[in-house]
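Working notes, structure below.
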Amino acid sequence: PMTFVEHSDYDEISVGDILYLKDLLQQIESGPHIMILNSRKDYKIKARHDLSERQVEVLFKGGLIRWLGRYLKDDGG
């Protein structure tokens, strides 16, 4: 889940716009701020995620079931 930093950016999106999340995993890994490009209007939107470090870890492990499986395996369970 992401939210726009500036609420007014919601008004900049129209039907038919194409939004790009370039290098999303790298952006998530580097911090809570995400840059979204509206390619039709050449407009950049600043967003942020509110994921915890553990949620980011789960995402990078491929989801909760895969993360839990690896966690239990590493823990000897």
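- With rounding to the nearest 0.5 Å, the separation of CZ in Arg40 from CG in Asp17 is 5.0 Å.
- In this structure, Glu53 places its CD atom where only 12 or fewer heavy-atom neighbours from other residues, nucleotides or ligands lie under 6.0 Å away.
- In Tyr20, the OH atom is not crowded: 12 or fewer heavy atoms of neighbouring residues, nucleotides or ligands sit closer than 6.0 Å.
- Cluster membership check: Met35 does not share its hydrophobic cluster with Met2, using side-chain heavy-atom separations under 4.5 Å among Ile, Leu, Val, Met, Phe, Trp and Tyr.
- Expressed to the nearest 0.5 Å, how far NZ of Lys41 lies from OG of Ser14 amounts to 3.0 Å.
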Would you list the atom pairs, donor with acceptor, under 3.5 Å between side chains in residues 3-12 and any protein atom, with sequence neighbours excluded?
{"from": "Asp9", "atom 1": "OD1", "to": "Tyr43", "atom 2": "OH", "distance (Å)": "2.4"}

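- Heavy-atom contacts from other residues, nucleotides or ligands closer than 6.0 Å to CZ of Arg48 number more than 12.
- In the hydrophobic cluster analysis, where Ile, Leu, Val, Met, Phe, Trp and Tyr join through side-chain heavy atoms closer than 4.5 angstrom, Leu68 is grouped together with Val58.
- Although no hydrogens or angles enter the test, the distance criterion places no donor-acceptor pair under 3.5 Å between the side chain of His33 and the main chain of Ile28.
- Here CD1 of Ile34 is found 14.5 Å from NZ of Lys22. Values are rounded to the nearest 0.5 Å.
- Leu37 places a side-chain heavy atom less than 4.5 Å from the side chain of Asp42.
- The two atoms that bring Ser52 and Gln55 nearest to each other are N-OE1, 2.7 Å, heavy atoms only.
- No single ILVMFWY cluster, assembled from side-chain heavy atoms under 4.5 Å apart, contains both Leu24 and Ile18.
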